[in-house]
Amino acid sequence: MERKEVAFRIYRYNPQVDRQPFYDNFKIAVERGITILRALNYIKEHLEPRLTFRAFCQAGICGSCAVRINGVSKLACTTQVWDELTGSGDDPILVEPLNNLPVIRDLVVDIDPVMEKLKQNYSWVRPAIAEGEMGQKEHCVSDGEFEAINAATDCILCGSCYSECSMTEVNPRYISPPVLLKAFRMNNDTRDTLGCERLGQVSGDNGLWDCAHCYKCAEHCVKHIPIVDGIHRLREEMFERHMTRSEGARHAQAFFDDIRSTGRLREATLPLRTLGVVKTLRMVPLAAKMGMKGRTPPFVVKPVPGIDRVRGIYRRLEANRAAKQGGE
Amino acid sequence: MEHKFDIIIVGAGGGGLFAALEAVRTNPQVSIAVVSKLYPTRSHTSAAQGGVNAALANKDRDDTVELHVFDTVKGSDYLADQDAVDYLCSQAPEVVRELENLGAPFSRFPDGTIAQRPFGGTVKDRCCYCADKTGHTLLHTLFEQCLRRGVKFFNEYFLLSLEHADGECQGIVAMNMRTSAIEAFSAKIVILATGGHAKMYWNRSSNAAGNTGDGQAAALRAGIPLKDMEFIQFHPTGLRKSGLLVTEGARGEGGYLLNRHGERFMARYAPQKMELGPRDLVARSMETEILEGNALTSDAGSYLELDLRHLGAEAIKKKLPQIRELSMHFEGIDPIEEPIPVRPTAHYSMGGIDANMARTAVSGIYAVGECACVSVHGANRLGGNSLLDILVFGKRAGQEAALEAPRRPLRRVAPSALWKAADELKSYTSHERYERYGIIREEMGKTMADKVGIYRTEERLRQGVEEIRALRERFRHIRLFDTGTVYNTNLVQILELKNMLDLALCVAETALVRQESRGSHYREDFPRRDDEAWHRHSLCTLEKGGDVRLAHKPVTMGKYSLETRSY
Amino acid sequence: MKYAYFLSCINESMTKEVDLSLTRWVKDLGIELVNLEKGTCCGGSNLDYVSPDHFLVINGRNIALAEKMGLDLVTSCSTCLMTLRRAKQALDSSPEKRELVNGHLAGEGLRYNGTSDVKHLLWVLTEDYGLNRLAAKVTAPLWGVRFAPFYGCHILRPSSLLGRDNPTAPSSLDRLVEALGGSLVEYGSKNKCCGFHTLLVAEQQSLSMTGNALEDAVRAGADYIVTPCPLCHTALDAYQDKALDGRGVSRNIPVLHLSQMVGLALGYSKEELGIDRHMIAA
């Protein structure tokens, strides 16, 4: 069995003792096939009992042991030491607590913010069945209906996506990826009756439209859930339900309209159409400065050649949609 | 610090959460809190892969509650209490539908009804499932519904003691793990739902690190008897290296067990049911194969193979995605390409807090799920009946507690209970102490696996009892090297080890005394079931000096009388 | 080497210097870019919220225009790249969606077959052209200039869609800098989000993201940030003063487009490459 001395550089912070966080280095002999969690257990049992981290199932299903390994949020129990060796294999493996959550001690973070947001955003199914008729009969659901939410129900609330999220990093009040994913999962469950209220709630301030679609959540989801697709689906649903008064929705609508009218985005009026007059006025000073550099977008945009074809596509798609809705 | 609630639920797995949910639904006026050493969705319920049994008759139209009762009683080797089994099975269709109604995404048949698949030890296909993440989805569904109902949670609180006076519940003492503060939770009713204790087999266990029987140990110390502790289920298919579990669903879907000759050896042990024989039988057959040299060998020990390849890539990906992922993560093999290396692993504790339909000997204290012994599993639990157990009895306990609470006075936890707990915790840091946690824990795991394992004999069990006693003695000198109060995991580990050691002694002592083979308890020196002498439950209590005192209790019979158990 | 070149809206308006600088030097390398004149805005990542069908047909059309020319489609904007590839992935994996799109394209004599790839200019240079060949063309090596390569999001993530660089340790832009003779600074923000996409709906948060990246690059001692995406450029350059406001960062940092950096190394002047158009003087 292949064996190797591996260095670990681990984030340490005990608020009772340490004035500020620091990093501890450990070097241990590791066999190929060993997970980061087993290495942490070894260090705790043999070298530093005070090293503090969470771990429970050790099988990748409870989500307790999510930490950042070499800067990326992962489950310690499903990550192989061998896969984290970098450089010539001698660089230390960096282990740190999840980002965007307060550190309690060492690798342990406070998960309560996630729980609070789940609570505020109707992260549950409210079935149509009356309370008194619970358990009497099953909903008739085709296997296909669950297909849409199947991946989303894999979420173990480990917090990796929360830790990776660009928007949460700069706005702790942002709704966050796992909560949006739950909303997607619930809103696409045919048994649920809260769709409209939930969508209204999650699309409020610090909500659905603030996602910068940087894709970090989905990229690093330990269960490979396409979280951003879920967020997109919620935004689509906003339009389907005609909940289009928000800035985010107006912004999207502008793209849609511009492609029809010129084939190009009319950036000059985009702020006005997204934000309205008052907020747009605040952008005037910067726009003036940009104007001096010739960077202001033109107010008149010449349509692309063949715009009639594009408009034709719009007309036919619109007609199709109208026909479909009429038929329902 | 003292909290006061009408109902305190300890543990936030499926049993605890359903109890909380049902209590709120039954009586929104009662105040309820769930106290758990984990965030709820991390509870071990999430690891249950296979499914939950209910005679919905969606697959086999002629399936009935009676057949489910019969399978369960037979599976238990006739040690289950039949009134409890009747209740379990009769409630099964309702609780499964209820979870479905509340949002659990059960897999479906083409006609839109809940799909059912075969599971070990049953005559009908009755196991309902959500792919191979059934427990995970049920746990999340229950957690979501608890959020919906505004259930109050005290997460990361460790149970220190169960308090009662004159046989009436007072509440619990628990430690806030973030601060190490010792807090009293006075409550009219306490529902224990703390999960199992099979982690005492440590590396030879499929259990999570924290399945240390905290509720059982607290009950034991509070004078509440434990029942049938000798019965530990060994799951046939643990992964070779880690002991992690490969669901029975893998065999339910048609997986083969092969020895090193490529032979489906179960043909020799259970010619009818083959790989889908009951767990104790399959696990023993595998152990025999290993002992007789028919196993494959590796650095990580002997093993057999679970072969899924003939199911095809599509079926494996669709129906057993987690198994595939586990095999890849922890064994480095893809079951589409290669067989999975497996061997039996300690998996489930049938024994637990003696409870009669979830009520314990102390008025106002309930116990449900794996920490309890109701007893519906008797000497051997059927696959798909553990999720059912937590749902049915969690719900029942919640309902009864909500109805009973308004009629009970609140008796408060005595301040002395807090002082006592504080003294104990402080004592671990004493400089005169020298024993190390890791060493005692390793030895405990080894003793349990080697001396109180699948095959048991008088001699090995005597050694086991002696060794566990010696380890308990050494534990009195265990030293806590981390004296901080912020999230002190070392302290928690020591408290968990104390619990496991007390319970390990109960397991070893009851196993030594039971001179017969029944269900999961297999005595090489007494290979037959002896109904005359041993068709009865074992009870243990703790004496003042720390010794285990044994007693017995009759089995509640019903429709089905004793028969030989063959498959 | 010949490609269809996708005209990104922002490069037609606010960041004209991208295409300006690109046209200076592509011919030097023997690369021919044919403008996709009839192409339209890709819809950013916004069009599909309003209507997923429009998103598919409009972008199916964009790609089909390139297919008709028998060329791969190249873009200088990461969000256009990601959006076009998202449409391509959806169409390539679903005959029904292809049928929907082709129904709408037939009238124009177009058909989406999936034969044209969609690439970023960076990939054309690093993969198709080759960095060795490019290095041989360098006449004004960027010796001693320290670059902070800023990849941004949509050229990296989702990696299942883009699949060139490891999103946690991207290297293609780094290798390009080195091929041109420049040196690199190590900094943590290279694969982070610039914040551009929320500039209008969550300005403060967006500026925090921008500011974090800028501050990080300044502290690492970079002379320039270089980015393959005009949207990232706009956030980092046009909004730089706002983003660094109150942060106590010692200096501004100029931001180059990928196309400008290449142009510099090939001997063009800052004016020829439109670097004087930037808000932050270089």
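Quick note on labels: first sequence line is chain A, next is B, and so on, each numbered from 1.
Applying the salt bridge (Lys or Arg N to Asp or Glu O under 4.0 Å) definition to pairs two or more places apart or across chains, those involving residues 267-292 of chain A are A:E247-A:K279, A:D258-A:R273.
For the ring-ring contact (aromatic ring centres under 6.0 Å, His included) test, residues two or more places apart in sequence or in another chain that qualify with A:F255 are A:H251. Every residue two or more places apart in sequence or in another chain was checked for a ring-ring contact (aromatic ring centres under 6.0 Å, His included) with C:H120, and none qualifies.
Looking at A:A218, neither its backbone nor its side chain comes within 4.5 Å of chain C, counting heavy atoms on both sides. Neither the backbone nor the side chain of A:N70 comes within contact range of chain C; no heavy atom of the residue lies under 4.5 Å from a heavy atom of that chain. For a residue to count as touching a neighbouring chain, one of its non-hydrogen atoms must lie under 4.5 Å from one of that chain's; by this rule C:K38 touches chain A with backbone and side chain alike. Both the backbone and the side chain of A:S166 come within contact range of chain C, with heavy atoms under 4.5 Å apart. Looking at A:Y174, there are no atoms closer than 4.5 Å to chain C (heavy atoms on both sides), in backbone or side chain. For chain A, the nearby part of C:P167 is the side chain; its heavy atoms alone come within less than 4.5 Å. Heavy-atom distances place no part of C:L199 under 4.5 Å from chain A, backbone and side chain included. Of the two parts of A:M292, neither the backbone nor the side chain holds a non-hydrogen atom closer than 4.5 Å to a non-hydrogen atom of chain C. The part of C:D237 that comes within reach of chain A is its side chain, from C-beta onward, which places non-hydrogen atoms under 4.5 angstrom from that chain. Heavy atoms of C:Q204 lying under 4.5 Å from chain A are absent altogether. For C:T15, the parts lying near chain A are the backbone and the side chain together; criterion is any non-hydrogen pair under 4.5 Å. Using a 4.5 Å cut-off between heavy atoms, C:H154 contacts chain A through its side chain alone, with no backbone atom that close.
Comparing C:C194, C:P158, C:S208, C:A202 by heavy-atom pairs within less than 4.5 Å of chain A, the highest count is held by C:P158. With chain A as partner, the option from C:G152, C:G43, C:G44, C:S206 having the largest number of non-hydrogen pairs under 4.5 angstrom is C:G43. By number of non-hydrogen pairs under 4.5 angstrom with chain A, the leading residue of C:E203, C:Q205, C:K242 is C:Q205. Ranked by heavy-atom pairs under 4.5 Å with chain A, the first of C:G211, C:S8, C:P52 is C:P52. Heavy-atom pairs under 4.5 Å with chain A were tallied for C:D53, C:T198, C:V50; the largest tally goes to C:V50. Per-residue counts of heavy-atom pairs under 4.5 Å with chain A were compared for C:A238, C:C41, C:C153; the largest is that of C:C41. Residue with the most contacts toward chain C among A:P305, A:P271, A:G306: A:P305 (heavy-atom pairs, distance under 4.5 Å). For the options A:N206, A:L286, A:N320, heavy-atom pairs under 4.5 Å to chain C are most numerous at A:L286.
A distance of 5.0 Å separates CZ in C:R86 from NE2 in A:H232, rounded to the nearest 0.5 Å. Note that CD1 of C:I58 and CD1 of A:I259 are 6.0 Å apart. Values are rounded to the nearest 0.5 Å. In this structure, the separation between CZ on C:R157 and NE2 on A:H213 is 12.5 Å, given to the nearest 0.5 Å. To the nearest 0.5 Å, atom CE of residue C:M209 and atom CD of residue A:E169 are 8.5 Å apart. Rounded to the nearest 0.5 Å, atoms OG (C:S13) and CG (A:L265) are 7.5 Å apart. The distance from atom CZ of C:F55 to atom CG of A:L317, rounded to the nearest 0.5 Å, is 13.5 Å.
In this structure, A:R309 contributes its side chain and C:L105 its backbone to no donor-acceptor pair below 3.5 Å. The main-chain N or O of C:S159 is found under 3.5 Å from a side-chain atom of A:E219 such that the two form a donor-acceptor pair. Looking only at distances, no side-chain donor or acceptor of C:H54 sits under 3.5 Å from a matching main-chain atom of A:E318.
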(message) I'd like to know whether C:M14 forms a side-chain contact (heavy atoms from CB on, under 4.5 Å) with A:K293, so could you lay out the CA-CA distance, the side-chain angles of the two residues, the decisive distance to 0.1 Å, and finally the verdict.
(response) CA-CA 10 Å; C:M14 291 159 78; A:K293 291 276 188 182; over 6 Å; no
(message) Pair A:V301, C:E12 - check side-chain contact (heavy atoms from CB on, under 4.5 Å), show working.
(response) CA-CA 10 Å; A:V301 174; C:E12 296 279 288; over 6 Å; no
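Within residues 272-282 of chain C, the residues having any heavy atom less than 4.5 Å from a heavy atom of chain A are, in residue-number order, C:D276, C:R277, C:H278, C:M279.
Of all the heavy atoms in C:Y49 and A:F239, the pair that sits closest is O-CD1, 3.4 Å.
More than 12 heavy-atom neighbours from other residues, nucleotides or ligands sit within 6.0 angstrom of CZ on A:R241. Heavy atoms of other residues, nucleotides or ligands lying less than 6.0 angstrom from CD of A:E240 number more than 12. Open room surrounds CG on A:D205; 12 or fewer heavy atoms of other groups in view lie less than 6.0 Å from it.
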